[in-house]
There are 2 protein chains.
Amino acid sequence: MGSSYVTLEQVAQHAGVSLATASRVINGSTRQVSQRLRDKVNASAEELGYLANASAQTLARNSSSLVGLLVHDIADPYFSSIARGVTRQTEEQGLVTVLGTTHRSAQKESTILAALRAHRARAVVLVGSRSTDEDNNARLVREIEAFQEQGGRVACVSQPGLPADTVSPDNQTGASELARHLIAQGHRRFAILAGPTNLSTARERLDGFHSALSTAGLELEHHNIVHGDFTRDGGYESTQRLMRLGTDATCLFAVNDVMATGAMAALREAGIRVPEELSVAGFDDIPTLRDLTPALTTVRLPLERMGERAALMALEADHEGGPRTVNVQGEVLMRESTRPPADHTG
Amino acid sequence: MGSSYVTLEQVAQHAGVSLATASRVINGSTRQVSQRLRDKVNASAEELGYLANASAQTLARNSSSLVGLLVHDIADPYFSSIARGVTRQTEEQGLVTVLGTTHRSAQKESTILAALRAHRARAVVLVGSRSTDEDNNARLVREIEAFQEQGGRVACVSQPGLPADTVSPDNQTGASELARHLIAQGHRRFAILAGPTNLSTARERLDGFHSALSTAGLELEHHNIVHGDFTRDGGYESTQRLMRLGTDATCLFAVNDVMATGAMAALREAGIRVPEELSVAGFDDIPTLRDLTPALTTVRLPLERMGERAALMALEADHEGGPRTVNVQGEVLMRESTRPPADHTG
DNA sequence: CTAACCTGGGAAAGAGTTTTCCGGGGGATC
DNA sequence: GATCCCCCGGAAAACTCTTTCCCAGGTTAG
């Protein structure tokens with residue numbers, strides 16, 4: 001045992017050159033080094049099994065090869081799909097991904113951002129709906145700016161309005177189009193599992209859906225909107241609540257697939273058949289949930305690509321101008337979980 | 001703009017003490033510092049917004065707060081469930097998780113392990129079935145040992161036989177018990193989606209299932225064993241292959257839930273009803289897949305806890321003796337996707 | 001022929017912590 | 001009142017790398 005580290009100095013000695021020259025060879029610096037020495041140094045490094053000490057490099061360069069990835073819950077397939085895209089991109093660039101899970105705690109978020117700052121992370125990708133809590137939001141903005149002042153880059157997925165590059169699905173349009181499709185199917189009375197009231201994603205989808213109904217001259221009654229957790233269990237409970245209160249809706253829109261899954265489970269338990277008695281639609285098209293039966297009508301988002309794109313933006317050379325925004329359009333997928341309502345003739 | 005870092009020296013000056021004293025206060029060193037100076041230093045650090053430079057610490061201590069987590073694919077819910085457990089544990093200890101995804105490439109695995117070594121990562125958790133490829137295996141063992149010689153700790157999930165602490169499900173027993181339950185239901189002829197031939201997990205589950213059949217005096221015909229990818233699509237394709245070849249099985253055992261999902265999709269498309277015409281069973285009890293219909297008969301593994309446990313072992317104080325192994329027992333869950341075969345009377 | 005220039009390589013100064021080693025001062029003991 | 005300790009604070013080395021500055025030697029231009 002014992003730390004048998006090979007340092008650059010040892011490589012240099014072995015190659016019979018100075019430390020500086022060895023460094024120049026190893027990281028292909030601006031300055032030229034003769035081919036002869038270059039070969040010698042590389043051979044020595046190879047022979048001794050040299051592996052540069054990353055912390056020393058970070059200290060000297062004041063920038064590391066770490067890229068932060070912040071999600072609420074890595075076991076949630078929405079986040080893990082995006083995470084896959086992010087890691088694909090970072091690993092392609094030879095960078096190392098740091099995974100931080102916040103579980104929707106502002107405090108954990110702060111802690112992780114501080115750690116990334118301490119590590120001189122090169123960039124961070126923030127994933128997940130932005131809360132509308134003002135205090136919390138101000139804190140996040142401060143932390144992002146602190147990170148940026150250190151020379152770090154920040155990109156967000158689904159968190160518009162922050163001082164950083166953003167990849168954002170067009171939730172409003174997606175939900176509106178979905179609503180139009182459902183209206184075209186003959187639905188007139190809707191119930192909505194709207195998720196938490198303070199998440200922008202949930203609100204945008206609700207708004208988009210709502211506005212399409214308004215445009216079509218349809219009401220959305222207040223008691224048909226149920227708020228709850230953005231999770232499978234949240235959807236399950238919200239649906240039970242909805243059923244307890246009674247609803248005359250012919251179609252249930254859950255603002256994400258995960259909640260829709262819980263909804264379908266609750267309906268199944270209650271003996272309500274989908275889509276015969278009630279249509280159900282979701283949002284996201286989570287890959288893992290594509291095999292539910294009936295297949296879920298939803299709005300497809302290219303989650304993995306969104307993650308990839310965000311990472312790419314965060315890692316691109318510095319660009320001029322303010323933060324950029326990439327808008328991603330969803331694609332409505334009408335599948336088995338929705339059909340014209342029973343009383344619909346047409 | 002520009003790097004406005006607060007260094008420990010500045011904190012020390014502001015507090016009117018030496019650098020060493022400040023350091024001792026900040027990281028509660030062994031040596032005592034009077035309460036008066038202690039307060040002064042802490043106040044100064046707070047006031048200046050001091051954040052220790054992690055790379056400098058790593059360089060000085062020769063050990064970082066990084067913990068590696070290697071999985072094949074973070075979007076696979078099997079891995080993301082385990083990842084959740086790992087991050088829960090690491091974050092509780094104030095450590096930072098580095099996520100590496102190998103996509104079953106030995107080369108990527110090497111690259112990431114080298115990066116973790118370069119960063120003086122404190123520990124690494126390797127998740128995922130170990131390939132039986134001898135060369136690759138030898139390489140992995142060498143890399144693990146190199147990591148350990150540096151003072152890093154290694155723990156594995158589902159990778160028995162490596163020179164490291166291991167959390168391993170008892171695949172054999174789980175599969176055997178599942179088989180016994182299915183036999184008790186009346187099944188006599190089985191087909192198996194056996195996954196890749198060279199993954200220990202897949203093989204153990206196949207073996208366990210097989211041996212239970214043998215014990216019961218049942219044959220497992222060769223043409224009823226299909227190998228394929230350990231993924232949803234692998235299960236889908238394997239099932240199609242099985243159907244093309246024709247099978248007289250009354251029960252299909254997919255060696256993991258993800259493949260079982262693909263199998264159910266293929267069967268549904270082919271118009272074969274589950275469980276009326278064919279029973280289907282899986283393994284793992286992936287949380288995200290619990291809402292499939294019919295609900296999948298499977299063997300539950302506490303995936304999140306397994307990840308947590310592995311991280312815990314990797315982070316515990318050094319212990320004497322060789323690598324430890326924790327065996328995890330699965331629990332057979334008979335659900336809707338299996339039932340006595342149609343021709344079964346009793 | 002000399003001055004300016006260019007090229008390649010070496011010495012050394014950081015980068016920010018931790019930690020060891022010393023020394024000084026104060027308290028306790030006799 | 002002196003001696004021995006102990007306690008606490010400070011100076012400095014170490015950790016490994018990057019990068020700037022400088023110098024030697026050779027080349028080109030005037």
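If you're wondering where the values come from, they're calculated on a predicted model, not measured in any experiment. Per chain, numbering begins at 1; letters A, B, ... match sequence-line order.
Residue A:Ala20 places its side chain closer to C:dG10 than to any other of D:dC15, C:dG10, C:dT19. Relative to the side chain of A:Ala52, the nucleotides C:dT17, C:dG10, D:dC17 differ in distance, and D:dC17 lies closest.
Residue A:Tyr50 places at least one side-chain N or O closer than 4.0 Å to OP1 or OP2 of D:dC17. Between C:dG9 and A:Thr21, no contact under 4.0 Å exists linking OP1 or OP2 to a side-chain N or O. In terms of phosphate contacts, A:Ser34 brings a side-chain nitrogen or oxygen within less than 4.0 Å of OP1 or OP2 of C:dG9. Here A:Gln57 reaches the OP1 or OP2 of D:dT18: one of its side-chain N or O atoms lies under 4.0 Å away. Taking 4.0 angstrom as the limit, A:Ser23 places a side-chain polar atom (N or O) nearer than this to OP1 or OP2 of D:dT18.
Axis angle across the helix from C:dC1-D:dG30 to C:dC30-D:dG1, with five pairs used at each end and values rounded to 10°: 40°.
A donor-acceptor contact under 3.5 Å is not formed by the side chain of A:Arg120 with the base of C:dG16. The base of C:dG9 sits with one of its N or O atoms less than 3.5 Å from a complementary donor or acceptor on the side chain of A:Arg24.
Checking side-chain atoms of A:Asn42 against main-chain N and O of A:Arg38 turns up a donor-acceptor pair under 3.5 Å. No side-chain donor-acceptor contact under 3.5 Å links A:Thr102 to the backbone of A:Gly100.
Defined by atom type and a distance below 3.5 Å, a donor-acceptor pair is missing between the side-chain atoms of A:Thr201 and A:Tyr78. Counted by atom type alone, B:Thr90 and B:Thr97 present one or more donor-acceptor pairs between their side chains at under 3.5 Å.
For the pair B:Leu37 and A:Asn53, nearest-nucleotide mapping onto DNA chain D gives the more 5' position to B:Leu37.
Considering B:Arg122, B:Arg324, B:Arg309 as possible partners of B:Glu316, the one that fulfils the salt bridge (charged side-chain N to carboxylate O under 4.0 Å, His left out) test is B:Arg324. A side chain to side chain contact (heavy atoms under 4.5 Å, CB included) with B:Leu19 holds for exactly one of B:Val11, B:Thr7, B:Leu8; it is B:Leu8.
Counting only heavy atoms from C-beta outward, the side chains of A:Met313 and A:Thr325 never approach each other to under 4.5 Å. Side-chain contact between B:Val154 and B:Gln148 is present, with at least one heavy-atom pair separated by less than 4.5 Å.
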Where do A:Ile144 and A:Leu126 land on the side-chain contact (heavy atoms from CB on, under 4.5 Å) test, with the steps shown first?
CA-CA 10 Å; A:Ile144 287 176; A:Leu126 300 172; 3.8 Å; yes

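Protein atom CG of B:Leu48 is 15 Å distant from nucleotide atom C1' of C:dG16, rounded to whole Å. Computed from coordinates, the A:Leu59 CG to D:dC15 C1' distance equals 9 Å when rounded to whole Å. For the pair B:Glu9 CD and D:dA12 P, the computed distance is 13 Å after rounding to whole Å. Going from atom CZ of B:Arg61 over to atom P of C:dT19 covers 7 Å, rounded to whole Å. Protein atom CG of A:Asn62 is 12 Å distant from nucleotide atom C1' of C:dG14, rounded to whole Å. Taking atom CD on B:Gln35 and atom P on D:dG9, their separation rounds to 11 Å, with Å as the unit. What separates CG of B:Leu8 from C1' of C:dA15 is a distance of 14 Å, to the nearest Å. Protein atom CG of A:Asn27 is 7 Å distant from nucleotide atom P of D:dT19, rounded to whole Å.
Within residues 11-19 of chain A, the residues having any heavy atom under 4.0 Å from DNA chain C are, by residue number, A:Val17, A:Ser18.
The residues B:Arg117 and B:Glu143 are annotated as not salt-bridged, no charged nitrogen and carboxylate oxygen being separated by less than 4.0 angstrom.
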